[in-house]
Every structure is written in structure tokens, then in C-alpha cells.
Amino acid sequence: ASRGVLFANKYIQINQYKKAIEWLEQFLRIRDRDPEALHLIGQCHLNESNPVKGLEYLKKSLEARPKQPQVALKVAELLICQPETKNLNSAAIWLSKAETLNRGSDAIFNLRMEFMKCKGAKSNEIVTFVTNQIRSNPKNVTLYTILLKEMIDGGLDASGKVMELERDNAIRSSLYKSPEYLSSVIRTKLQDGNNLAKKQIHLSHLKLQKGLLSSQDVLALDTLLNTV
């Protein structure tokens with residue numbers, strides 16, 4: 001029986017997923033609750049563009065062995081993002097399970113955001129969610145950039161939020177080390193010309209230190225300085 005998984009893995013390595021499925025099906029006739037085999041056959045079906053079968057087997061794998069963080073994440077993703085398997089009522093349950101197993105991960109944060117948008121959450125609800133994530137993880141600078149984007153998309157006062165954030169010296173110090181944050185503020189013109197020029201100079205300096213400064217960055221700086 002163990003040859004089934006062995007041969008399946010060999011076929012998976014060369015992207016022969018249909019052959020792998022055949023071997024795994026033979027194996028599962030004998031050991032129908034083996035979590036590894038169920039996971040593998042689920043992944044094979046996904047690779048063969050059969051998300052319905054893939055979801056079915058991934059769920060069975062989790063039933064056999066509940067503590068599989070990445071598998072739980074994939075199940076939630078299929079229920080939220082994949083048109084053929086989308087089911088937001090079921091997704092709510094599986095997403096909670098995935099969150100328990102993947103606390104603090106970027107992937108689970110992104111999936112929760114996608115779930116909220118699919119459910120039609122209002123902009124202020126999404127902003128509240130991101131704000132709560134920032135309180136839990138204030139050193140994650142990416143969250144601040146996401147917060148501004150969601151506020152801009154929702155027509156909320158992103159300019160006021162920038163002022164509020166930058167009044168805190170510790171937060172401002174972290175934000176000014178992030179090219180993504182600086183680029184976001186500059187691109188969306190959330191401040192007056194002088195403040196944007198300072199940010200563009202600082203951004204150019206950061207990129208120069210990292211060896212990422214491009215001719216386009218220099219041109220953007222020159223253009224901005226000429227408008228101040």
C-alpha cells in the first residue's frame with residue numbers, strides 16, 4: 001500500500017498529476033483516512049483544474065488530521081476566491097478554523113480582507129478591521145499602507161490619518177523606513193507640496209541606499225521639486 005504514495009510523489013515531481021491520482025486512489029481504497037494521501041490527491045486535482053474534487057479531498061484530509069495550517073488556509077481560500085467552489089457561508093466556518101491555525105500570518109489577513117469584501121462589508125468596517133490589526137501588530141508597516149489605500153478607496157479622510165500617524169514619533173520613524181508607505185502618500189497626494197517633496201527626497205535616499213533608485217524616481221523627484 002505504501003507504494004501508492006511513493007509512486008504518486010514521483011509522478012507529482014514530473015507534473016504527471018493524473019498518474020499520481022491513479023496511484024493515490026489505489027492507496028486510499030486501503031487506507032481511506034490517510035491525511036497525507038488525501039492532501040496529495042486534493043492538490044493533484046487542483047493542479048488538474050478540478051477545484052471541486054480538490055476541495056473535497058482537502059476537507060477530508062483536515063477531518064483526518066485537523067492541525068494542518070496550510071491545508072486549512074487553502075480550503076478557506078477555495079471557498080472564498082474560487083468561482084466553482086465559492087460558498088461564503090461555509091467559508092465563514094473554515095476561515096475561523098484557518099485563523100486559529102495561522103494566527104498573525106499575512107495570508108490569513110489577506111483572506112479575511114477578501115472575505116469581508118465578498119460579503120459586501122462597508123469601507124468603515126474594513127478600515128476598523130485593519131486598524132485593529134495594527135493595534136495587535138503596530139510594527140507591521142505594510143498594514144499602514146493598506147489602511148491608507150482602503151481609506152482612499154472608501155472616500156474616507158486618508159490625509160487626516162497620515163497627519164495622525166506621523167504625530168507619533170515611533171510610528172513615523174518606522175513609516176519613513178518604508179518605500180511602500182512613502183510611495184503611497186506621494187502617489188495619492190495626501191499632503192501639501194512641501195511635505196510631499198520631503199517625502200520624495202527621503203524616498204529617493206532610501207532607494208539609493210538599497211540600490212533601487214531608477215531614472216524614473218529621479219524624474220519624479222525633479223518634477224515634484226519644480227512644482228513646490
Side-chain angles (χ1 to χ4, degrees), residues 39 42-43 46-47 49 51-52 54-56 58-59 61-62 66-166 168 170-172 174-191 199 203:
H39 177 209
Q43 284 298 136
L46 292 179
N47 289 328
S49 301
V52 175
L55 177 61
E56 176 188 336
L58 292 182
K59 281 182 175 180
S61 178
L62 281 169
K67 291 185 179 180
Q68 297 184 77
Q70 293 306 309
V71 181
L73 194 65
K74 190 63 183 180
V75 167
E77 180 190 326
L78 288 167
L79 291 167
I80 294 168
C81 305
Q82 185 71 36
E84 298 93 330
T85 52
K86 190 171 185 176
N87 183 330
L88 296 182
N89 290 329
S90 182
I93 299 168
W94 286 95
L95 183 57
S96 294
K97 293 179 181 180
E99 284 174 329
T100 301
L101 297 171
N102 294 273
R103 291 194 186 281
S105 79
D106 290 341
I108 202 68
F109 167 79
N110 293 333
L111 208 49
R112 173 58 71 175
M113 287 273 287
E114 186 62 28
F115 176 73
M116 291 178 72
K117 291 178 180 181
C118 287
K119 292 283 284 185
K122 295 178 180 178
S123 296
N124 63 319
E125 293 174 319
I126 294 174
V127 166
T128 298
F129 168 68
V130 179
T131 301
N132 288 336
Q133 295 298 305
I134 288 173
R135 290 196 185 104
S136 301
N137 191 6
K139 293 183 179 180
N140 187 339
V141 178
T142 301
L143 291 174
Y144 296 95
T145 306
I146 293 171
L147 177 64
L148 295 184
K149 179 184 181 302
E150 295 300 329
M151 294 186 77
I152 292 165
D153 290 349
L156 303 174
D157 183 17
S159 297
K161 177 57 69 173
V162 170
M163 291 176 63
E164 176 191 327
L165 292 172
E166 294 187 3
D168 186 308
I171 292 176
R172 185 173 68 248
S174 296
L175 294 178
Y176 272 54
K177 294 174 184 175
S178 167
E180 292 78 14
Y181 169 81
L182 294 169
S183 296
S184 177
V185 175
I186 294 165
R187 185 175 60 254
T188 51
K189 298 181 179 178
L190 294 179
Q191 292 184 309
K199 281 185 168 61
L203 175 61

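Side chains are part of it too, since the values below use all heavy atoms of this structure and drop only hydrogens, waters and symmetry mates.
- When side chains are defined from C-beta on, R112 does not count as touching Q133, because their heavy atoms never get closer than 4.5 Å.
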Can you give the donor-acceptor pairs under 3.5 Å from side chains of residues 87-94 to other protein atoms, not counting sequence neighbours?
from: N87; atom 1: OD1; to: N89; atom 2: N; distance (Å): 3.2
from: N87; atom 1: OD1; to: S90; atom 2: N; distance (Å): 3.0

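- The two residues N137 and L143 make their nearest non-hydrogen contact at O-CD1, 3.9 Å.
- No side-chain heavy atom of L79 sits less than 4.5 Å from a side-chain heavy atom of F115.
- The OG1 atom of T85 sits 9.0 Å away from atom NZ of K59, with the distance rounded to the nearest 0.5 Å.
- Formation of a donor-acceptor pair under 3.5 Å by the T128 side chain with backbone atoms of N124 is found in this model.
- Between E125 and K119, no side-chain nitrogen of the basic residue sits less than 4.0 Å from a carboxylate oxygen of the acidic one, so the salt-bridge criterion is not met.
- A side chain to side chain contact (heavy atoms under 4.5 Å, CB included) with E150 is found for exactly one of L147, L148, I146, I152, namely I146.
- Considering every non-hydrogen atom in both A76 and L111, the closest pair reads CB-CD2, 3.7 Å.
- Side-chain contact check for I108 versus L95: some heavy-atom pair is nearer than 4.5 Å.
- Here S184 contributes atom OG and K149 contributes atom NZ; the two are 9.5 Å apart, rounded to the nearest 0.5 Å.
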Pair up each side-chain donor or acceptor in residues 67-75 with any protein partner under 3.5 Å, not counting sequence neighbours, and list the distances.
from: Q68; atom 1: NE2; to: S61; atom 2: O; distance (Å): 3.1
from: Q68; atom 1: NE2; to: S61; atom 2: OG; distance (Å): 3.0
from: Q68; atom 1: NE2; to: R65; atom 2: O; distance (Å): 3.0
from: K74; atom 1: NZ; to: E77; atom 2: OE2; distance (Å): 3.3

**OP:** Starting from the C-alpha separation in whole Å, work towards a yes-or-no answer on side-chain contact (heavy atoms from CB on, under 4.5 Å) for I126 and K117.
**Re:** CA-CA 8 Å; I126 294 174; K117 291 178 180 181; 3.6 Å; yes
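- With hydrogens and angles ignored, the 3.5 Å screen pairs a side-chain donor or acceptor of D168 with a backbone N or O of I171.
- Put simply, the side chain of L46 reaches to within 4.5 Å of the side chain of L58, judged on heavy atoms.
- Taking 4.5 Å as the limit, every side-chain heavy atom of E84 sits out of range of all side-chain heavy atoms of L55.
- The minimum heavy-atom distance between V127 and M151, with the atom names listed, is CG2-CG, 3.7 Å.
- Y144 places none of its side-chain heavy atoms less than 4.5 Å from the side chain of K161.
- Looking at S178 and T142, their side chains never come closer than 4.5 Å, going by heavy atoms from C-beta outward.
- Contact check for T100 versus R103: side-chain heavy atoms found under the 4.5 Å cut-off.
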